[in-house]
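Remarks on the structure that follows.
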Amino acid sequence: MSTFGLIFCLLPLFFGAAFPAFLAPITTDLSSKRYMLRIYLKAPPQPANLVLDLGASFSTLVYCSRSHDSSFGSTSCKARYDSPGPGCSSDSLAMPVTDGRNPGQLGVIPGFVFACGNRSLLKGLVKGAAGLAGLGRSNLSIPAQVSSFSSDNLVFALCLSGSPSAPGVAFFGSGGPYYFLPEIDLSKYLNYTPLLSNPAGSTVINYSNPSNEYFIGLTAINVNGKAVEFNQTLLSHGGTKLSTVTPYTTLHSTIYRALTEAFVNESAALNLTVTQPVKPFNVCYNAEEVMITRIGPAVPTVDFVLQDDDDDVIWRIFGWNSMVRIFRDGVDVYCLGFLDGGPNPKSTVVIGGHQMDDNLLQFDLESNRLGFSSSLLVHGTMCANFNFTTNNNLR
Ligand SMILES: *[C@@H]1O[C@H](CO)[C@@H](O)[C@H](O)[C@H]1NC(C)=O
Ligand SMILES: *[C@@H]1O[C@H](CO)[C@@H](O)[C@H](O)[C@H]1NC(C)=O
Ligand SMILES: *[C@@H]1O[C@H](CO)[C@@H](O)[C@H](O)[C@H]1NC(C)=O
Ligand SMILES: *[C@@H]1O[C@H](CO)[C@@H](O)[C@H](O)[C@H]1NC(C)=O
Ligand SMILES: *[C@@H]1O[C@H](CO)[C@@H](O)[C@H](O)[C@H]1NC(C)=O
Ligand SMILES: *[C@@H]1O[C@H](CO)[C@@H](O)[C@H](O)[C@H]1NC(C)=O
Ligand SMILES: *[C@@H]1O[C@H](CO)[C@@H](O)[C@H](O)[C@H]1NC(C)=O
């Protein structure tokens with residue numbers, strides 16, 4: 001490298017500028033309630049949609065062609081992580097850089113390690129998906145590889161869009177700011193709860209690899225501010241998992257029954273009467289009886305009370321995230337979007353995609369904590385409000 005080139009490369013360091021953070025749009029497939037991350041693969045960069053999997057232990061799973069890749073199928077490569085496929089490969093991955101306001105030019109991460117899936121494995125995915133994007137705790141996950149390339153902090157944030165028309169966004173390597181129109185920095189609205197690497201009670205229930213998933217400490221559930229009564233011991237068995245491949249929050253039968261009873265009870269006070277339910281849900285109301293507000297249907301609030309150092313913190317769920325509209329075959333209802341996980345689930349509670357929509361979630365793996373905003377609609381914005389106009393000065 002020439003002296004000039006060397007000085008040029010070091011300049012950003014002298015000015016203390018951080019290496020760039022990256023972003024990727026996340027589209028929502030409403031029929032399957034799956035989320036797809038749009039990134040760029042190979043050189044020159046080709047856009048690709050990958051199913052977002054918050055808990056996947058492997059890296060990004062894609063189809064690898066043998067001819068393209070010398071490391072394909074090598075056992076040393078496969079042994080480095082828990083890959084469901086036959087091996088791994090190294091290629092470029094690219095995403096736009098960001099200042100938290102706009103996307104900039106594409107930033108290329110060379111030598112990114114991908115997991116290789118065979119065609120039959122990948123065929124089972126959502127239509128239009130080229131593979132799976134793993135965001136789990138493995139050090140080959142997208143956040144981990146981005147952070148080791150850019151020397152950014154190991155932190156990423158997700159804003160899943162509940163709107164069919166416009167995508168949400170993922171930020172990699174940035175602890176904020178996260179600007180959404182009209183000029184709202186959502187990093188200022190975060191509450192924090194510890195991320196638990198191993199769920200309490202994992203000696204009772206056998207996880208194949210629990211440490212790659214994200215768990216938080218749920219201590220109670222409220223409906224309209226009143227504690228739902230159930231055996232709290234259940235919460236310490238198997239923990240509370242966050243999952244982007246679970247469409248609706250799923251709870252242990254005992255907790256599910258207590259929650260729905262309390263919800264029906266509190267709804268009655270709002271003059272809401274349950275109607276014929278629509279599968280897979282059990283509690284539904286005629287849409288014409290439900291009043292719509294800027295935070296969704298006017299129904300009782302559901303709170304997840306979460307662990308914090310001093311005090312508990314509350315993730316409050318309003319109608320937009322608790323209710324699901326079903327409008328087909330002559331029925332038009334809003335149903336409570338929580339599901340019965342049976343009497344013996346692996347995780348007592350799995351928080352699913354519908355409850356995460358239009359909430360900002362920040363996974364800070366340096367401080368081992370989850371930052372959560374609760375509903376963005378309360379703050380007058382939503383995940384679809386990120387300004388995706390490219391700012392070409394950002395590189
Ligand atoms: C594809 O991979 C899966 C998981 O490793 C395996 O069960 C399956 O047999 C493979 N299919 C083919 C056609 O190789
Ligand atoms: C993570 O990286 C370290 C250091 O490179 C390595 O020793 C370790 O085996 C890796 N862990 C996984 C799960 O790949
Ligand atoms: C947990 O499951 C794995 C894989 O099924 C098995 O090999 C292991 O022995 C089990 N561990 C315990 C403590 O049951
Ligand atoms: C609560 O659940 C635990 C574990 O399932 C059980 O051992 C305990 O007896 C239960 N307590 C009550 C009051 O039902
Ligand atoms: C339902 O409401 C009644 C009257 O307000 C109350 O006595 C009862 O405890 C409630 N039941 C549940 C499960 O919340
Ligand atoms: C419920 O309906 C009754 C009778 O129609 C009415 O008096 C009451 O104000 C209603 N309550 C609410 C919260 O709308
Ligand atoms: C979106 O970002 C572009 C580029 O920075 C800016 O010119 C535009 O005004 C922004 N749009 C809104 C609605 O603020």
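Positions are given from 1, in the same order as the sequence printed here. Note that ligands are numbered from 1 as they come in the structure, with each ligand's atoms numbered from 1 the same way.
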Worksheet item: Does atom 14 (O) of ligand 4 have a protein non-hydrogen atom under 4.0 Å from it?
Response: yes
Discussion item. Could you walk me through whether Phe281 and Phe338 satisfy the ring-ring contact (aromatic ring centres under 6.0 Å, His included) test, starting with their C-alpha distance in whole Å, then the side-chain angles of each, then the deciding distance to 0.1 Å, before giving a yes or no?
Written reply: CA-CA 7 Å; Phe281 306 109; Phe338 291 79; 9.5 Å; no
Worksheet item: What part of Asn102, side chain from CB on, backbone N/CA/C/O, both or neither, has a heavy atom under 4.0 Å from ligand 7?
Response: side chain
Discussion item. Once you measure the plane-to-plane angle for Phe171 and Phe180, does it fall in the parallel (<30°), tilted (30-60°) or perpendicular (>60°) bin?
Written reply: perpendicular
Worksheet entry | Nearest non-hydrogen protein atom, atom 5 (O) of ligand 4 | Leu234 CD2, 4.4 Å
Practice prompt. Identify, for atom 6 (C) of ligand 7, the protein heavy atom at the shortest distance, and state residue, atom and that distance.
Written response: Asn387 ND2, 4.2 Å
Worksheet item: Tell me: protein heavy atom nearest atom 4 (C) of ligand 4, and distance?
Response: Thr233 CG2, 4.1 Å
Discussion item. Any protein heavy-atom neighbour for atom 2 (O) of ligand 4 (distance below 4.0 angstrom)?
Written reply: yes
Worksheet entry | More than 12 heavy atoms from other groups under 6.0 Å of CD on Glu229 | no
Worksheet item: Can you find an N/O atom of Thr389 closer than 3.5 Å to an N/O atom of ligand 7?
Response: no
Discussion item. Taking the basic N atoms (NZ, or NE/NH1/NH2) and the acidic carboxylate oxygens, is any pair closer than 4.0 Å for Arg316 and Asp303?
Written reply: yes
Fill in: Residue, atom name and distance, where the atom is the protein heavy atom closest to atom 8 (C) of ligand 4
Asn231 ND2, 3.7 Å
Worksheet item: Taking the inter-plane angle between the rings of Trp315 and Phe372 on a 0 to 90° scale, is it parallel (under 30°), tilted (30 to 60°) or perpendicular (over 60°)?
Response: parallel
Fill in: Ionic contact status for Asp357 with Lys33, cut-off 4.0 Å
yes
